[in-house]
Amino acid sequence: MSITYLDAIREAQDRALKDDPRVFIYGQDVGAFGGAFKATKNLAAKYPGRVIDAPISEDAMVGAAIGAAIEGMRPIIEMQFADFSTVGFNQMVNHAATLYWRTGVPCPITIRLPSGGTSGGGPFHSQSLETIYAHFPGIVVMTPATVEDAYGMLLSAVAIDDPVIFCEHKYLYYHLKASSLPTESLPIGKARIARQGRDLTVVTYSAMVHECLAAAEVARDEGYEVEIVDLRTIKPLDTDTVVASVARTGRLLCVGEAWPWGGVSAEVIARVTAEAFDLLDAPPQRLNAKDTPVPYHPNLWAAHRPTAQSVAQSMLRLLRL
Amino acid sequence: MSITYLDAIREAQDRALKDDPRVFIYGQDVGAFGGAFKATKNLAAKYPGRVIDAPISEDAMVGAAIGAAIEGMRPIIEMQFADFSTVGFNQMVNHAATLYWRTGVPCPITIRLPSGGTSGGGPFHSQSLETIYAHFPGIVVMTPATVEDAYGMLLSAVAIDDPVIFCEHKYLYYHLKASSLPTESLPIGKARIARQGRDLTVVTYSAMVHECLAAAEVARDEGYEVEIVDLRTIKPLDTDTVVASVARTGRLLCVGEAWPWGGVSAEVIARVTAEAFDLLDAPPQRLNAKDTPVPYHPNLWAAHRPTAQSVAQSMLRLLRL
Amino acid sequence: MLPTAVSNDPLAGVAEFRDQFIRAYRFMLHARLLDERLASLYRSGKIFGGVFLGRGQEALSAGLGVCLRQGDVFAPLIRDAAGRLAFGEHMIDSIRTYLGSPLGPMRSRDGNVHRGRPKEGLLPMISHLGAMISVVNGMLMARRMQKRLGTSVGAACLGEGGTSTGAFHEALNQAGVERLPLVMVIANNQYAYSTPTNRQFACDNLVERAAGYGFDGHTVDGTDLGECLETLQKAVDNARSGRGPQMIVAPLLRLCGHGEHDDSSYIDPRLKQSELGRDCLEIAEQRLVAEGWLSGEEIGRSRSELLAAIDETISTVQRESAPNASAESWQALSTVSLRDMSSGTEMA
Amino acid sequence: MLPTAVSNDPLAGVAEFRDQFIRAYRFMLHARLLDERLASLYRSGKIFGGVFLGRGQEALSAGLGVCLRQGDVFAPLIRDAAGRLAFGEHMIDSIRTYLGSPLGPMRSRDGNVHRGRPKEGLLPMISHLGAMISVVNGMLMARRMQKRLGTSVGAACLGEGGTSTGAFHEALNQAGVERLPLVMVIANNQYAYSTPTNRQFACDNLVERAAGYGFDGHTVDGTDLGECLETLQKAVDNARSGRGPQMIVAPLLRLCGHGEHDDSSYIDPRLKQSELGRDCLEIAEQRLVAEGWLSGEEIGRSRSELLAAIDETISTVQRESAPNASAESWQALSTVSLRDMSSGTEMA
Ligand SMILES: Cc1ncc(C[n+]2csc(CCOP(=O)(O)OP(=O)(O)O)c2C)c(N)n1
Ligand SMILES: Cc1ncc(C[n+]2csc(CCOP(=O)(O)OP(=O)(O)O)c2C)c(N)n1
Ligand SMILES: [Mg+2]
Ligand SMILES: [Mg+2]
């Protein structure tokens with residue numbers, strides 16, 4: 001049997017619906033159609049009245065989720081693409097995110113954002129928006145990189161009493177496969193060592209984990225062992241695991257598919273330099289997407305985001321500093 | 001004669017309207033009423049038909065500005081509070097910001113965000129949202145800290161062919177005074193040395209410049225000379241001036257009123273450590289607001305954001321490292 | 001005007017109406033007096049931030065409040081002191097929130113009109129206009145899924161200016177599609193801050209929008225408590241009995257500034273002279289006296305009693321200690337294990 | 001049905017209408033054939049990303065396009081290949097954008113339906129539904145301020161699903177308040193992706209929303225080119241002559257998938273059998289032949305000529321070289337002096 005990252009997301013929702021009557025799914029085309037990416041396929045038939053088609057109203061979708069959460073439900077909202085979450089932004093960052101702090105009433109909602117670039121996606125179907133959500137207090141931001149985490153973390157997201165932005169990467173939907181679903185997983189908030197190494201720590205998350213793993217093989221051919229930290233959640237951010245890795249390697253490269261200004265990679269570097277400056281043997285470096293919208297043509301797209309090749313170059317340059 | 005920061009904003013708009021027939025102002029209550037903060041007082045009478053009351057429709061306000069820009073105008077949009085820009089967010093980050101890159105047609109719009117905390121403002125009238133705008137490609141983000149810059153930079157914002165998010169600080173509106181308006185100003189994109197020093201570089205912007213200046217006096221009493229860099233624009237960010245200062249002092253503290261995760265302070269540290277690691281004699285540090293919504297009660301508010309006192313503590317701790 | 005038939009027995013109907021009218025009037029009076037006290041606290045510099053009054057809108061607001069029941073959902077807006085009291089909010093919640101007491105429902109964190117108790121069905125508004133309506137929808141949807149909607153309804157208030165927001169539209173459309181028992185009350189007080197209605201919308205009466213959302217539409221003179229009660233009761237009853245969402249539009253005039261910082265000199269004097277500019281409280285009192293439901297003396301006594309209670313509550317709250325920043329948790333997440341202890345807020 | 005009186009001379013009116021009908025029909029046919037070729041390129045893997053067709057909506061779209069003039073503003077949506085051609089877009093713009101040619105108006109940066117030439121009044125849509133309308137408003141407002149609005153109008157297209165967005169509402173309200181010559185064309189093709197209308201809105205006909213925005217409302221059978229032309233011409237004329245914003249709602253059926261990846265198996269077969277499911281192109285052809293305006297032969301010839309032109313253009317574009325990433329500027333700002341050269345995108 002082989003299970004894709006997308007299957008895992010569907011299975012996690014199936015299980016959440018099965019195990020917890022408080023769970024429901026609300027989003028455009030999630031019902032009988034099963035969602036634009038089929039992440040909710042068959043669920044409407046299996047759980048009548050609990051997988052609900054929404055009008056094209058992202059603000060009202062999130063607003064309704066907040067209200068349902070107040071009444072004790074655990075809604076999962078599917079945005080059709082992460083890029084469209086910008087029109088539901090206000091309810092997310094100003095309403096869901098502040099509810100617990102303002103009132104003491106928790107707001108357990110999960111908002112799934114099909115994120116990241118795919119070939120031919122273009123500027124409005126490719127965005128990685130984790131940074132803007134992580135900037136706001138009161139939100140947990142998850143960025144699973146593996147089939148196992150797609151499953152386990154989505155189940156955790158639904159179980160957590162706070163709003164979770166669940167950034168699932170569209171490129172991984174079909175590309176990533178595992179042989180079975182996990183029965184247990186790392187606690188939320190803990191990063192994972194995706195590859196052990198001694199010469200350089202690469203901190204990354206989501207689809208870039210795989211580019212970095214491939215790049216690490218290139219570096220191995222040059223005689224270097226690169227350690228790769230998969231952050232899993234970017235807020236909270238597991239500084240301890242990152243610092244412990246840097247303590248072993250003395251070098252830090254942060255890689256992200258999002259735009260460069262002020263994102264995950266900047267945050268990681270600011271933390272590591274503040275807390276573990278003396279462990280660094282070389283300047284910490286970043287590699288992000290270019291600071292333009294995400295281009296449509298595959299040639300441009302491949303150059304816009306980091307790839308195994310560009311990551312390998314960055315690794316080797318930093319290793320040789 | 002004494003001119004406040006708010007006066008300077010009004011004067012700049014007056015001059016822009018006077019000098020350039022392409023300029024108009026659009027926002028809630030900006031017309032006869034002169035705006036919630038009186039930043040457009042008298043302008044509607046002086047420039048009939050060019051200072052226009054908008055319905056409570058931030059998305060449509062920004063959309064209309066984009067359209068007007070395409071037709072050769074140079075609109076200024078006033079958001080009543082920065083906090084409400086979240087409902088015009090999509091037009092800003094996905095439409096205005098991408099227009100030039102996608103089509104080659106520039107989008108010269110200025111969006112004024114009355115930003116930052118004041119006593120009793122509470123969670124929805126106090127936000128500093130520069131980070132989320134700076135994260136998106138295609139936007140210039142200005143954060144003037146002085147009366148002179150409020151004037152000169154707003155004029156530049158209107159003259160620039162790209163979308164500008166102009167974060168004017170509400171706390172400075174009345175608190176900050178100058179004797180006259182400037183006749184010239186530093187180029188946009190250049191940071192300013194607000195205070196010279198040799199022992200520590202503090203990088204900051206907007207209202208925090210003044211907290212940092214006050215804190216520097218405390219440090220002086222302890223025998224330290226702190227250099228203060230006022231970024232002026234946070235995107236583009238003048239890394240050169242910051243690095244040159246760190247070259248003089250060997251120490252870096254970044255101070256911002258925004259939330260801590262992934263903001264200006266992280267970006268500055270990531271740049272300095274990547275480009276000037278060897279110049280640092282101690283770990284670079286940050287001081288931001290706390291990672292919660294902005295509280296209503298003045299006691300809590302004063303503890304939530306950095307103040308001269310907390311900045312001074314951070315300075316001294318870092319100076320003694 | 002009396003309601004046509006509240007029950008089978010016309011006299012019982014009259015008595016019921018009278019009782020409801022008197023109850024609503026008391027909340028109006030209470031709200032008016034409380035508002036005035038808050039305004040004077042503001043003028044003497046005792047309140048941080050803004051103060052927003054409901055002067056001129058009490059009939060509509062209290063009228064809605066008395067038509068709601070425990071178990072309903074209520075999302076008031078900035079001018080709904082009267083409706084809040086009628087729905088059961090204790091005035092100490094208001095005073096504590098305005099004065100920033102840590103004992104208030106918002107625990108000094110949020111202020112003035114941004115208060116509520118979500119678990120009791122009273123939603124604490126965020127400032128972004130229009131944002132509360134879809135939240136009410138979600139509460140009603142949840143109850144329906146949980147099979148405990150019963151005859152409960154959700155009521156949301158908004159000014160005419162707030163109808164220009166995308167959030168308003170999305171939420172009304174959503175309520176229509178889900179056929180929720182939502183009662184949408186729009187106080188058209190002729191201004192949104194300084195902006196007159198002709199800069200806000202282009203139809204004659206916002207109720208023209210009801211049909212497009214699948215709502216029943218009602219218009220009512222917002223200065224007349226009797227008419228407000230009649231119309232709101234009908235709308236709430238419609239919603240309760242499964243007849244789908246209801247929109248009520250009430251023309252009236254804001255008889256105060258946008259906030260207490262605002263002298264509202266922009267208000268057209270002709271509007272003040274018009275029917276819209278009548279003070280709903282005075283009209284209600286005239287009717288009470290004319291119908292013989294309350295005497296001038298009784299009204300005067302109510303007034304003094306309420307004032308005394310208000311002043312006592314204010315004194316109580318003023319003796320409460322201010323919040324202590326170092327005792328604050330400074331954590332926005334409820335999940336303790338997910339609190340990030342090194343997020344750059346403090347020096348390492 | 002013929003229009004009642006297009007000019008004083010009824011025969012001139014007939015001739016004018018006939019000419020317009022024929023012109024519109026040719027654009028419909030052109031769009032249909034172009035769409036079909038793009039679909040087959042998609043099936044053979046030659047197109048990155050999605051392909052979105054206008055099948056079944058050409059009458060409405062071309063009808064609008066021929067009512068517009070140079071100097072007007074047009075914001076088409078995903079199913080407006082016909083309207084674009086009628087408005088003057090060269091088909092090579094479409095093909096280049098779909099195939100990602102750097103010579104196209106979007107220079108490989110944006111794709112498929114996200115193309116346009118803003119300076120020529122043809123707006124390149126962003127994906128976020130509803131977002132284009134307020135941009136059209138702003139263009140019209142600007143022209144009015146510049147005193148060069150004249151009789152120009154702005155037309156914006158949207159599907160019925162897009163009417164649920166807040167952006168749609170804010171923009172329509174804005175157009176009403178500003179009394180702009182906006183022509184809002186809503187193609188109610190019964191589905192938004194897979195979502196049927198009863199999950200999208202709760203009124204019978206979206207045109208019921210027109211009055212609430214201060215718009216004139218029109219409904220037209222979207223499958224009938226003659227009726228579309230008549231109604232659209234009236235609406236456009238109204239807007240041109242200062243009678244304020246116009247809304248046209250056209251029921252019809254999407255005769256294809258949402259995109260070419262979608263088999264649209266969810267479409268109710270009863271809808272396909274109904275009047276809504278008629279193919280507007282066939283109906284237009286029947287009328288052309290019945291009226292004696294074009295013969296079957298002439299239609300066949302048009303078809304071959306258009307096909308040949310399409311295929312030639314596709315070949316041309318396919319010979320164009322792909323974009324070269326290293327020649328890209330990778331700069332999102334137009335202001336050269338503000339380009340940030342050390343923003344972490346590259347290693348120092
Ligand atoms: C989305 C949004 N934009 C702007 C504001 C600022 N604002 C607060 S109240 C107000 C006017 C509200 O007018 P209306 O809805 O008519 O209510 P009223 O004050 O008249 O009761 C405005 C513009 C806001 N709260 N939310
Ligand atoms: C704000 C927003 N949310 C979601 C989407 C994803 N989306 C693209 S097309 C579409 C359906 C559009 O339906 P409709 O407006 O009826 O147009 P049609 O495709 O039927 O022509 C959706 C949901 C989007 N583009 N924008
Ligand atoms: Mg109002
Ligand atoms: Mg449709």
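Note on naming: letters A, B, ... go to the chains in the order of the sequence lines (proteins, then strands), and numbering restarts at 1 for each one.
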Worksheet item: Taking 4.0 angstrom as the limit, do B/E267 and B/R286 come out as a salt bridge?
Response: no
Fill in: Lys/Arg N to Asp/Glu carboxylate O, B/D230 vs B/K190, below 4.0 Å
no
Among the listed options [options], the residue most often paired with chain A at heavy-atom distances under 4.5 Å:
options	answer
B/G262, B/A270, B/P293, B/A134	B/P293
B/I269, B/V268, B/L129	B/I269
B/K235, B/H135, B/Q127	B/H135

Worksheet item: Where does A/W259 contact chain B at under 4.5 Å (heavy atoms): side chain, backbone, both or neither?
Response: both
Response to the item:
Whatever's closer than 4.5 Å to a heavy atom in chain B on A/L280 counts as both
Chain A contact via [X] - side chain, backbone, both or neither, heavy atoms under 4.5 Å:
X	value
B/A282	backbone
B/D83	backbone
B/Q91	neither
B/V294	backbone
B/V272	neither

Fill in: Reported CG-to-CD distance for the pair B/N288 and B/E257, which is rounded to 0.5 angstrom
10.5 Å
Worksheet item: Rounded to the nearest 0.5 Å, how far apart are CD1 of A/I234 and OG1 of A/T131?
Response: 5.5 Å
Worksheet item: Going by the angle between their ring planes, with limits at 30° and 60°, are A/F81 and A/H125 parallel, tilted or perpendicular?
Response: perpendicular
Practice prompt. Please assess A/V246 against A/R251 for the test side-chain contact (heavy atoms from CB on, under 4.5 Å), listing each intermediate value before the final yes or no.
Written response: CA-CA 6 Å; A/V246 173; A/R251 281 176 156 75; over 6 Å; no
Item to complete: Could you check which of A/P295, A/P283, A/C254 has the highest count of heavy-atom pairs closer than 4.5 Å to chain B?
Response: A/P283
Worksheet item: Counting heavy-atom pairs under 4.5 Å to chain B, which of A/A97, A/A266, A/S85, A/A258 comes out on top?
Response: A/A266
Discussion item. Suppose we screen for side-chain contact (heavy atoms from CB on, under 4.5 Å). Which residues come up paired with B/P163, at least two apart in sequence or across chains?
Written reply: B/A96, B/C107, B/I109
Worksheet item: Where the side chain of A/T98 meets the backbone of A/N94, is there a donor-acceptor pair that is under 3.5 Å apart?
Response: yes
